[in-house]
Amino acid sequence: MNNRLPLLLGLAVALQGCSIEPFVLAPDPELPSSYRKASPDEPNNVDVRWWRVYRDPVLDYLVEGVLERNPYTQFGKLHVAEGQAGVLSSRADLFPNLNFGASRDESHTSTNTPLGELLQQGTIAGQSNRITTNTAWQIDLWGRIAQSVELAKAKLGVAEATRRSVALVLAREVAVAYWQFRAAEADYALLEQIRAERAEAVRLIGMRLDTGLNTEQDLLEAKVRLARVEAEMHEAVVKRDMNEQELAILMVVDVKDFRVPSPPEYALPEIPTVAPGLPATILSRRPDLMDSSERLRALIAQERIAETAFYPSISLTSRYGFASQDLSDLTKHASREFSFVPISLNLPIFDAGRNRANLEAARLRYQQHVNVHKVNILIALRQVDDGLTQVQAARERLSILDEALEASQRRADVAAARYAVGQSNYLEVTRAQDNSLSLQRRQVRSRIDGLMASTMLMEALGGGWNESLEGGQTVAGAE
């Protein structure tokens, strides 16, 4: 029998293998050589702490504080630790298991059974003591356990992608709330100046009304313009406070005790120049694409596990121990008991098509996710191009507004000079200054739009990149 076993085993594998169609991996998706709005010759310049590109110490403090204190950061780390435990658990199946057991029991047979009648209404009563060690080892001849380990590693990869995604989203949320806070703060400061100019216009028109140089309609229009700017000031305060409160929640700080540092000399940073590098880099950089890739890896492992269901399972088992009625005789040589099965073979013969259906389902799940993965890549590439387009548009709009503001300020200077020599009235001065301040508001909004667009571009690129890490892994947040 021992000589026939390898032959039977080989025949079974050959027969099962012939009935399974080979599994073909989907080809890698084709990627463009460069982005539409970026040169392929410029390497990626995003640092691991991408928010530091703005050179804003307050933003650095907020982002790094959130990444350290927010509970979602701890959630991401715990998720990775869970995945690591899963890999260790799956890997343990590659090795033999050794178990120890001890038991003591008392038994008493019934007299109202055939055995009791055979014993003439007698019974068998007694007690037994037993200690045993059991060993079992499933030989991974077809790679079923190895693929289970691969599946656990893929789940760990998904957990790591989740951790990075959490860090990236938190950093982006902080940056967005911060830019909106700064926008409302800068807008309020400009609105204060506009309010002063319009209040002065109301005063002057009121004086000219008394002398007949202006009409009551002029005064009413001036008051409406003043009321509008006061309403906008109120809206700016609300926006500022709401974004400050959002930052407090992200920092896990009591709202009433939190204030964003606002030094008097603060100025909005320039819109940074972001070089995205080659499109292929985001496949390993973006957490969502990393998640998608790891899920493909898991589906491949599941397909191969389903395939091994067609092959026989082989295991080695043994048991050794002592059993005795009297506890004092338990460890004596005569109390030994053992069993040893050199090999146990379990070969599926008929399962009504269950294994084949499971294999087909696993392959179909893989093909479905391949298509989803391709779409995810296309979406990611588009988001990068959209971000580059928005950043470029904000820069161009800001350049146009800079020229317009320069002309407007020159016009205000001319109006002031004409008023100084009596060639015009002060209303012309206030209107020119009002127009200049309105252009400054549009300039601030365009700069904020550019900063927001660059933040979204950072997220579209997957956050920072640290090539010094082992394996060239990405880091979406501070470690």
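Side chains are part of it too, since the values below use all heavy atoms of this structure and drop only hydrogens, waters and symmetry mates. One-based numbering along the sequence shown.
For the pair R182 and V444, the minimum side-chain heavy-atom distance is 4.5 Å or more. Between V252 and P71 the shortest side-chain heavy-atom distance falls below 4.5 Å. Counting only heavy atoms from C-beta outward, the side chains of N243 and L247 never approach each other to under 4.5 Å. By the 4.5 Å heavy-atom criterion applied to side chains, T455 and W51 are not counted as neighbours. You'll find the side chain of L190 stays beyond 4.5 Å of the side chain of S438, heavy atoms only. Here the side chains of K155 and V87 are not in contact, with every heavy-atom distance at 4.5 Å or above. Between M452 and Q180 the shortest side-chain heavy-atom distance falls below 4.5 Å. R286 is not listed as a side-chain neighbour of N376, based on a closest heavy-atom distance of 4.5 Å or more.
In E192, the CD atom is crowded: over 12 heavy atoms of neighbouring residues, nucleotides or ligands sit closer than 6.0 Å. Shown here is R397, whose CZ atom has more than 12 heavy atoms of other residues, nucleotides or ligands within 6.0 Å. No more than 12 heavy-atom neighbours from other residues, nucleotides or ligands sit within 6.0 angstrom of OH on Y61. By the neighbour-count criterion of 12 heavy atoms within 6.0 Å, atom CZ of R69 is densely surrounded, having more than that number from other residues, nucleotides or ligands. In E406, the CD atom is not crowded: 12 or fewer heavy atoms of neighbouring residues, nucleotides or ligands sit closer than 6.0 Å.
Looking at S89, its side chain never comes within 3.5 Å of a backbone N or O of A85 through a donor-acceptor pair. Using modelled atom types, one side-chain atom of H369 and one backbone atom of S292 make a donor-acceptor pair closer than 3.5 Å. Side-chain atoms of S446 never come within 3.5 Å of backbone atoms of L398 as a donor-acceptor pair (strictly under, hydrogens ignored). D254 places no side-chain N or O within 3.5 Å of a backbone atom of D257 that could act as its donor or acceptor partner. A side-chain donor-acceptor contact under 3.5 Å links W137 to the backbone of L94. No donor-acceptor pair closer than 3.5 Å links the side chain of S315 to the backbone N or O of S313. A donor-acceptor pair under 3.5 Å is absent between the side-chain atoms of Q138 and the main chain of D93, judged by distance alone. In this structure a side-chain-to-backbone donor-acceptor pair under 3.5 Å is present from Y366 to A26. A donor-acceptor contact shorter than 3.5 Å links the side chain of D385 to the backbone of R36.
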Going through the checks in order, is the side-chain contact (heavy atoms from CB on, under 4.5 Å) test met by E173 and E246? CA-CA 9 Å; E173 287 293 315; E246 182 177 353; 3.5 Å; yes
Check against side-chain contact (heavy atoms from CB on, under 4.5 Å), E459 and V169: CA-CA 8 Å; E459 183 183 25; V169 169; 4.2 Å; yes
Between D187 and R441, is the side-chain contact (heavy atoms from CB on, under 4.5 Å) condition met? List the steps. CA-CA 6 Å; D187 200 33; R441 289 185 68 197; 2.6 Å; yes
Please walk me through it: do Q390 and D449 pass side chain to side chain donor-acceptor pair (under 3.5 Å)? CA-CA 8 Å; Q390 290 171 351; D449 288 343; over 6 Å; no
The test is side-chain contact (heavy atoms from CB on, under 4.5 Å); show your working for R295 and V372 and say whether it passes. CA-CA 11 Å; R295 291 184 188 278; V372 172; over 6 Å; no
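In this pair, W179 and Y54 present their aromatic rings perpendicular. The plane angle is above 60°, beyond the 30 to 60° band. Ring-plane geometry between F75 and Y72 is classed as perpendicular, the angle between the planes exceeding 60 degrees on a 0 to 90 degree scale with a lower cut at 30.
Ion pairing between a basic and an acidic side chain is recognised when a charged N comes within 4.0 Å of a carboxylate O; E307 and R304 show no such pairing. Salt-bridge formation is detected for the pair R52/E64: a Lys NZ or Arg NE/NH1/NH2 atom is positioned less than 4.0 Å from an Asp or Glu carboxylate oxygen. Taking a cutoff of 4.0 Å between a charged side-chain nitrogen and a carboxylate oxygen, K239 and E232 do not qualify as a salt bridge. The pair D140-R144 fails the salt-bridge criterion, with no side-chain N (NZ, NE, NH1 or NH2) lying under 4.0 Å from an Asp/Glu carboxylate O. Remark: E360 does not engage R363 in a salt bridge, criterion side-chain N to carboxylate O under 4.0 Å.
Annotation: the span from L461 atom CG to S454 atom OG amounts to 11.0 Å, rounded to 0.5 Å. Interatomic distance, E160 CD to K153 NZ, rounded to the nearest 0.5 Å: 15.0 Å. Between the CG atom in L381 and the CG atom in L31 there is a gap of 6.0 Å [rounded to 0.5 Å]. Between the CG atom in D386 and the OH atom in Y35 there is a gap of 12.0 Å [rounded to 0.5 Å]. To the nearest 0.5 Å, the span separating CD on E303 from CG on L364 amounts to 10.5 Å. Rounded to the nearest 0.5 angstrom, L388 CG and L457 CG are separated by 5.0 Å.
The shortest heavy-atom contact between A175 and L59 is CA-CD1, 3.9 Å. Scanning both residues, I249 and N70, for their nearest heavy atoms gives O-ND2, 4.4 Å. Between P269 and R447 the shortest heavy-atom distance is O-CD, 3.5 Å. The nearest pair of heavy atoms linking G450 to A394 is CA-CB, 3.4 Å. Minimum heavy-atom separation, A167 to L67: O-CD2, 3.6 Å. Of all heavy-atom pairs between R395 and I271, the closest is NH2-O, 3.5 Å.
Residues Q147 and T308 have side chains that never bring a donor and an acceptor to within less than 3.5 angstrom of each other. In the model, Q392 has a side-chain atom that pairs as donor or acceptor with a side-chain atom of E396 under 3.5 Å.
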